[in-house]
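Taking it in order: structure first as structure tokens, then the write-up.
Just so it is clear, the structure is predicted and the values come from calculations on it, not from any experiment. This chain uses plain numbering: 1 for the first residue, then up along the sequence. Values reported hereafter were calculated over all heavy atoms of this structure, with side chains retained and with hydrogens, waters and symmetry mates removed.
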Amino acid sequence: MARRRRRNTLQQGETELAGEALKTDGSLSPCAPKPQYHHFIPRFILRRFQVEPVKSEKEPNRESRRTRVDPECVHYYDIATGNLDIRPIRKVYGVENFYQDVRNTDNINELEEKLAVLEGHAANIIIKLHKALPQGTFTLNRRSLELLRKFLFIMHYRNVSCSGIYFQADHPENAGARQWIESFMKAKGIQSAVEIWLHLLRYYLDASHSDIMRDAAELVEKYGEEGLQKMITESHIPPDLEHFPAYSYHVLANNYFFSIWEAVEGEEFIVTHNAFGLWEGLGGGCRGLHRIFVVSPRIAIVLRHVVSRPEMKEHIKPGTFVSSLLDVNPAPPTPIYSRGEHGAYINHINFQSAMEVARYRSSQEGESDNFVFKITKLSQRQTLQFNFVVLVNVTTKTCALTFLSRGSMLRTACAFRSSLANFRASELFVPLITQLTNTLETEVSALRSPLQSPAVVLDQDADALTLVDVELYVLLMQICTGSNQFETAYDRAHLVFRIMEKAKLTSFADEISREVEKAFKVCKEEDEMSPAEGVSFTPLPSSISNESSSQLFQFMIPCMSRLGAVTSGGEGILEELQDEVAVVSFLARASSNPGAWHALSCISPQAPEILPRLFKKGTLTDVSVRIFTRNMYRDRASPSSFSSEFHLAYSLRIMCGMAGPTTNPISQSYYQLTTSMIQCLGRITLRTLPEPYASQPRERPKARLVCKISEEHSDLLFSTMKMILQKSLPGYEPSSGGDTLDQTVRKWIDEMAIVGCLAWLGRHRRNFLDWVLDEFPQGMNVKLFEDEEAG
């Protein structure tokens, strides 16, 4: 008697996962009248999130009979109730009789059976994809890729939220298609939006990918892509276009390239009711830069719009794309065509003809093409950000959430909660965080300090996405609800800033810190290494007047934006608070860096009027300025240690303008006059220079003024600059000085400002300054900048 061979365990697992796609919770008999639970998230995907390991085909049934407990269960967080429990896969993410077509009297479950066949093929491909993860690449032939694309499209189309809306004639979003919908329903004898949805689901299931793309190609050849888009967005769809739904399929297949994203080791993707076909991002104002499909805790398939392909980047203006996932850079697949070398183009195909392309792809020759996908391995930060996109789209009480590991879910939920941008959306997950914390293993609980919420244990690469700080979030909640009122917006922002300084690093602080760093870096580049570098100055006050607060933020928020910081620009309380805390954080940092404070004070004529209000009169710098200027005035008749007026003005500028925050009138007058000179000469020097200066480089960012020049050079330089400014700057009259302190100081301020203006011109309008210096008498050999030859 021959022995029966035992099936390999791995083969059993594969068969079970793929076979699940062919199961329903009831008989598949066409005659079966009993209700069936139809999943809109396939069981083979849910089994990847199964609490217990996937077992062999017979073992679950034996276990179920023995314990009367269904072994195929997942974690299920119900948004409506806020409860986390474990539920059988057979009873989640589905609707009873969802795909039953009562018009089909022969077999009302026909569509469910056809979906099961498609899912079975897709399940086998996804099993192979998981096996390919260690290699880092995955190869698909054209037909398998087409089948997978078809599966993904139908996964989105079949979503329970779509069935009653897609073809509802009186729905506002269907205004342009109303005539087409009504005509189609009449022609097919269809009575409702759900019936037309089922009718077209049958079309998508019965037709091959190639057939659908050929139907779409006929429309493209006749009306053009622009014409079809215009039908959708501006006018109406002609009622006689029977295959217009093929164009929706064509858009997803043709306009998006296929990419595979792998979660970082130690973290996992999560799945929700709408995590299949979820759109994310804007490209040129149009939504849908990405289409997201979570197929397991390890893998997400992401369709990214072709406008973001690497070769297109140089043609795209900055700011065109708005997306949370732009720092992920998936590579488009590498094609291996049946006729040609690796990656070669198909020269005999006219790619301007949609029909010719469709015919090639459906041909035997095209069938032999292969596509190699490089699997994109995400960092921890990128994995969390991906999950944030999924979580932020959980917006209604009818939603649910499933995950594999409690620890990973807790880290994700806490990090999501710690992001200011997601603060309101994250309220839906507070019960989840509480329940996960209460049931987490002892070692995780031990990591939590008494003053903090559940520990979020991340790697060093997590860029400050660490623990959620209770004190900070209590304050934010009080601000959002209005239970904590403040006299001024500044007072509120300053308190948040002070708590943020003491708190454990969170993504709230991280987001602000990144934008502050951008603005600070620009100011620091203007720093000329003032001698007071690193000195700690008077801290920012905890409170200022309402008028000063309003003026400060009206000035500083646009100012930081010009310096490169990304401000929220939103009208919500949290968006306003984010911008205001960023301003306070930036001012606190800049006020401790004299060079950065000087650059900020000279950025606008408003700056020296608004910024001094942050400090009480008599700062450390004010005292130094008063002593220094009085001593200089007293000793003016004595032999001078300064080589020239330029040397004196350079030194006065360092002491009065580059030693930190001030409130004294000398410093404020210097800042205002310097700013006026820079703005005036900055404008005129862009258009009036003769050749060859007009075509020479303007920028020399590392240029630094020398501190000393000869008296002859100094006198000529100051007289020339004063003459230029008299002609260019409205209202400017240089001070001639005099015997009194006031007259002397006015002349000093003039010449300090000219030195400041020269420093700026040397870095940003060097061609203009070269033109000025070249007008000096031949042979003077003025050296105005360090490490440069005299000219």
Is any side-chain heavy atom of C559 closer than 4.5 Å to one of L600? yes
Just do the side chain to side chain contact (heavy atoms under 4.5 Å, CB included) check on E751 and F646 with the steps written out, would you? CA-CA 7 Å; E751 294 178 350; F646 178 91; over 6 Å; no
Do K747 and S736 come close enough that some side-chain heavy atom pair is under 4.5 Å? no
So does Q679 have more than 12 non-hydrogen atoms from other groups sitting under 6.0 Å from CD? yes
Would you say the side chain of Q672 lies within less than 4.5 Å of the side chain of P605, judging by non-hydrogen atoms? no
Note, L758 side chain near L717 side chain (heavy atom, < 4.5 Å): yes
Okay, side chain of S728, backbone of L725: is any donor-acceptor separation there less than 3.5 Å? no
For the residue pair S545 / S548, report whether a side-chain donor-acceptor contact shorter than 3.5 Å exists. yes
With a 3.5 Å cut-off and no angle check, do the side chains of D622 and T663 form a donor-acceptor pair? yes
K783 versus H713: any side-chain heavy-atom pair under 4.5 Å? no
Are the side chains of L326 and Q385 in touch, meaning some heavy atoms are under 4.5 Å apart? no
I'd like to know if the side chain of Q743 and the backbone of D739 have a donor-acceptor N/O pair within less than 3.5 Å. yes
Taking atom types as modelled and ignoring hydrogens, do the side chains of S735 and R746 form a donor-acceptor contact shorter than 3.5 angstrom? no
When you measure from the side chain of S644 to the backbone of I709, do you find a donor-acceptor pair of N or O atoms at a distance under 3.5 Å? yes
Please step through side chain to side chain contact (heavy atoms under 4.5 Å, CB included) for the pair L495 and S542, ending with a clear verdict. CA-CA 7 Å; L495 179 59; S542 59; over 6 Å; no
Got a second to check how far F785's CZ is from R766's CZ, nearest 0.5 Å? 4.5 Å
Does T383 reach the main-chain N or O of V264 with its side chain, forming a donor-acceptor pair under 3.5 Å? yes
Where is the tightest heavy-atom contact between C602 and Y671, given as atom of each residue plus distance? SG-CD2, 3.8 Å
Nearest 0.5 Å, please: how far is CD in E775 from CG in D770? 11.5 Å
Quick one: does S585's side chain have a donor or acceptor within less than 3.5 Å of a partner on V581's backbone? no
Under 3.5 Å, side chain of T621 to main-chain N/O of A659, donor-acceptor pair present? yes
Indicate whether any N or O donor in one side chain lies under 3.5 Å from an N or O acceptor in the other, for S549 and N546. no
Could you tell me the separation between the CZ atom of F553 and the OG1 atom of T488, rounded to the nearest 0.5 Å? 7.0 Å
Output, in order, the C-alpha distance, side-chain angles, deciding distance and verdict of side chain to side chain contact (heavy atoms under 4.5 Å, CB included) for R704 and R763. CA-CA 8 Å; R704 293 292 179 266; R763 290 191 297 274; 3.4 Å; yes
Closer than 3.5 angstrom, by distance alone: can the side chain of T744 be matched with the main-chain N or O of G738 as a donor-acceptor pair? yes
Heavy atoms only: give me the nearest C656-T629 pair and the separation to one decimal. SG-CG2, 4.1 Å
R492/E580 salt bridge by N-O under 4.0 Å criterion: yes
Might you point out which heavy atoms bring E515 and A565 nearest each other, and give the distance in Å? O-CB, 3.4 Å
Given the ring of F386, does R381 sit roughly above its face, with NZ or CZ under 6.0 Å from the centre of the six-membered ring and within 45° of the axis? no
Determine yes or no for a side-chain-to-main-chain donor-acceptor pair under 3.5 angstrom, with S308 supplying the side chain and H305 the backbone. yes
Rounded to the nearest 0.5 Å, how far apart are CG of N593 and NZ of K524? 5.0 Å
Interatomic distance, CG@L540 vs OH@Y490, rounded to 0.5 Å, equals 4.5 Å
When you look at L741 and R630, which way does the side chain to side chain contact (heavy atoms under 4.5 Å, CB included) test go after all the steps? CA-CA 8 Å; L741 175 61; R630 287 188 179 277; 4.0 Å; yes
Does any non-hydrogen side-chain atom of T720 lie less than 4.5 Å from one of F776? yes
Just checking, any donor-acceptor pair under 3.5 angstrom between side chains of S323 and E280? yes
Checking H598 against Y670 for the ring pair (Phe, Tyr, Trp, His ring centres under 6.0 Å) test, could you report, in this order, the C-alpha distance in whole Å, the side-chain angles of both residues, the deciding distance, and whether it holds? CA-CA 11 Å; H598 174 266; Y670 157 74; 5.8 Å; yes
Distance (rounded to the nearest 0.5 Å) between M556 CE and S561 OG: 11.5 Å
Find out whether F628 and L652 are in side-chain contact, i.e. whether some heavy atom of one side chain is under 4.5 Å from a heavy atom of the other. yes
Looking at E517 and R514, is there a salt bridge between them, counting it only when a charged N and a carboxylate O are closer than 4.0 Å? no
Single hit among T376, L325, D327 for side chain to side chain contact (heavy atoms under 4.5 Å, CB included) with Q382: D327
Closest non-hydrogen atom pair between F555 and I603, with its separation: CZ-CG2, 4.1 Å
Given the rule in the side chain to side chain donor-acceptor pair (under 3.5 Å) test, do T662 and Q668 qualify, once you have shown the distances and angles that lead to the verdict? CA-CA 8 Å; T662 65; Q668 306 321 307; 2.7 Å; yes
Quick check: are there more than 12 heavy atoms from other residues, nucleotides or ligands sitting under 6.0 Å from CZ of R562? yes
How close do W760 and G682 get, heavy atom to heavy atom, and via which atoms? CH2-CA, 3.8 Å
Near-ring test F642/W748, centroid separation under 6.0 angstrom: no
Locate the shortest heavy-atom distance separating R304 from N329; write the atom from each residue and the value. NH1-CA, 4.2 Å
